[in-house]
Amino acid sequence: MAELKRRVGILISGRGSNMAVLLQAARDPDYPASIAVVLSNRPDAAGLDTARAAGIATEVVDHRPYRADRAAHEDQLMARLDAAGVEIVCLAGYMRLLTPHFVGHYAGRLLNIHPSLLPAFPGLDTHTRALTAGTKLHGCTVHLVTEALDAGPILAQAAVPVLPDDSEAVLAARVLAQEHILYPLALRALIDGTAVSPPSGAALLNPLPEPPAASK
Ligand code: GAR
């Protein structure tokens, strides 16, 4: 049993397959994180049902009523995360830009998974752009979130080949399979402050940042 599981909050906007693998990993008594809450900015996010079925607390903080007031929306997210005692936040297909207000509050303990080998292809439509560019190596990245889009310190990356007949869907599925291996490993590495044995095709980059301070 992990001595003290760190309380993690997950932010989603949709399908939630990366969320699901984090929930699965956290069921292991030896995994150093527990999932305290799943938040979605979209009421119709399919991942909410997955989380509920797993017995995890969920909350919807719909961004639409806040219109352009991103900080007010983020205040609501932060209030719920803090109320749940969350120490570490994992973005898992959370498709909204976060302001410095939110990023600063969780500095060093806010992770994101991105479907490219950053710094290549930040932003959206990564698989289509990789195919268009003719890149032969693609993959995914878990990184700490900073104010700059998809540019924070890299915790782990997993690479996959781009094959001649790949469609966007086929390539996305190949990358997603690696995302599902990589995210639980990277979260564990952040918490433990150690590198882990990378999965096939993955490399964990050092030095890892300091693990977050123990909870009060
Ligand atoms: C994943 O491929 C994730 O890397 C990507 O969205 C997908 C979410 O799938 N994230 C981004 O593009 C963030 N910019 P999921 O909801 O099944 O985890």
Side-chain angles (χ1 to χ4, degrees), residues 6-19 21-22 25-26 32-33 35-42 45 47 59 61 63 66 70-82 84-126 139-158 175-176 178-180 182-193 202-213 215:
R6 298 303 183 92
R7 292 177 70 79
V8 169
I10 304 177
L11 268 57
I12 64 170
S13 296
R15 177 178 56 185
S17 68
N18 279 289
M19 173 211 73
V21 296
L22 292 174
I35 309 306
V37 67
V38 170
L39 302 184
S40 174
N41 65 306
R42 299 189 60 100
E59 300 211 45
V61 186
H63 63 278
Y66 296 91
R70 288 179 177 271
H73 178 246
E74 291 175 351
D75 279 340
Q76 291 301 315
L77 293 174
M78 285 159 55
R80 286 163 171 77
L81 291 166
D82 290 352
V86 163
E87 301 166 82
I88 298 168
V89 178
C90 289
L91 308 181
Y94 186 70
M95 304 307 281
R96 287 194 43 94
L97 294 175
L98 293 164
T99 73
H101 177 59
F102 187 95
V103 172
H105 187 73
Y106 295 104
R109 50 198 184 103
L110 176 59
L111 287 73
N112 181 44
I113 188 154
H114 181 79
S116 77
L117 291 174
L118 291 172
F121 309 119
L124 299 175
D125 299 324
T126 56
C140 53
T141 302
V142 177
H143 65 97
L144 288 174
V145 178
T146 58
E147 291 181 21
L149 176 69
D150 297 331
I154 290 170
L155 297 176
Q157 292 185 305
V175 171
L176 190 66
Q178 290 297 317
E179 294 185 40
H180 293 166
L182 195 67
Y183 212 171
L185 288 174
L187 176 59
R188 176 194 282 279
L190 178 82
I191 292 170
D192 290 350
L204 286 174
L205 305 186
N206 284 310
L208 290 163
E210 289 293 316
S215 59

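With Arg70 contributing its side chain and Leu97 its backbone, the two residues share a donor-acceptor pair below 3.5 Å. Judged purely by atom type and a 3.5 angstrom limit, Arg109 uses its side chain to pair as donor or acceptor with the backbone of Glu87. One N or O on the side chain of Arg7 and one on the backbone of Ala84 form a donor-acceptor pair closer than 3.5 Å.
Here Thr141 pairs with Gln157 under the side chain to side chain donor-acceptor pair (under 3.5 Å) rule; sequence neighbours left out. Among residues two or more places apart in sequence or in another chain, the side chain to side chain donor-acceptor pair (under 3.5 Å) test is passed with His73 by none. Residues that satisfy the side chain to side chain contact (heavy atoms under 4.5 Å, CB included) test with Leu124, not counting sequence neighbours, are Met95. Under the salt bridge (Lys or Arg N to Asp or Glu O under 4.0 Å) criterion, Glu59 pairs with Arg80, not counting sequence neighbours.
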task: Give the intermediate values and the outcome of side chain to side chain contact (heavy atoms under 4.5 Å, CB included) for residues Ile10 and Leu22.
output: CA-CA 9 Å; Ile10 304 177; Leu22 292 174; 3.9 Å; yes
field: Test side chain to side chain contact (heavy atoms under 4.5 Å, CB included) applied to Asn18 and Glu179, step by step
entry: CA-CA 7 Å; Asn18 279 289; Glu179 294 185 40; 3.0 Å; yes
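Put simply, the residue from Leu81, Leu110, Asn41, Val61 that forms a side chain to side chain contact (heavy atoms under 4.5 Å, CB included) with Leu11 is Leu81.
Going from atom CG of Leu190 over to atom CZ of Arg6 covers 8.5 Å, rounded to the nearest 0.5 Å. Between atom OG of residue Ser13 and atom CZ of residue Arg42 there is a gap of 7.5 Å, rounded to the nearest 0.5 Å. Gln76 contributes atom CD, which lies 11.0 Å from atom CG of Leu39 (distance to the nearest 0.5 angstrom). Of the inter-residue distances, the one linking Tyr106 atom OH with Leu111 atom CG reads 13.5 Å to the nearest 0.5 angstrom. Rounded to the nearest 0.5 Å, atoms CG (Leu182) and CG (Leu176) are 11.5 Å apart. Atom CD1 of Ile12 sits about 4.5 Å away from atom OG of Ser40, to the nearest 0.5 Å.
Taking all atoms of both residues into account, the shortest heavy-atom contact from Ala25 to Pro184 is CB-CB, 3.8 Å. Heavy atoms only, all atoms of each residue included: Arg188 and Pro32 are closest at NH1-CD, 3.7 Å. Annotation for Ala151 and Thr146: closest pair C-OG1, 4.0 Å, computed over non-hydrogen atoms.
Inter-residue side-chain proximity for Leu187 and Ile88 is flagged as met; some heavy-atom pair is nearer than 4.5 Å. Using a 4.5 Å cut-off on side-chain heavy atoms (C-beta onward), Ser17 and His180 make contact. Side-chain contact check for Asn112 versus Cys90: every heavy-atom pair is 4.5 Å or farther apart.
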Would you mind writing out the side-chain donor-acceptor pairs for residues 98-105 within the sub-3.5 Å range, not counting sequence neighbours?
residue : atom : partner : partner atom : Å
Thr99   : OG1  : Glu74   : OE1          : 2.5
Thr99   : OG1  : His101  : N            : 3.2
His101  : NE2  : Asp75   : OD1          : 2.6
His105  : NE2  : Asp82   : OD2          : 3.1

Return a table of donor-acceptor pairs under 3.5 angstrom between the side chains of residues 113-123 and protein atoms on other chains or two or more places apart.
residue : atom : partner : partner atom : Å
His114  : ND1  : Asp150  : OD2          : 3.4
His114  : NE2  : Ser116  : OG           : 3.3
His114  : NE2  : Phe121  : O            : 2.8
Ser116  : OG   : Ala120  : O            : 2.6
Ser116  : OG   : Phe121  : O            : 3.1

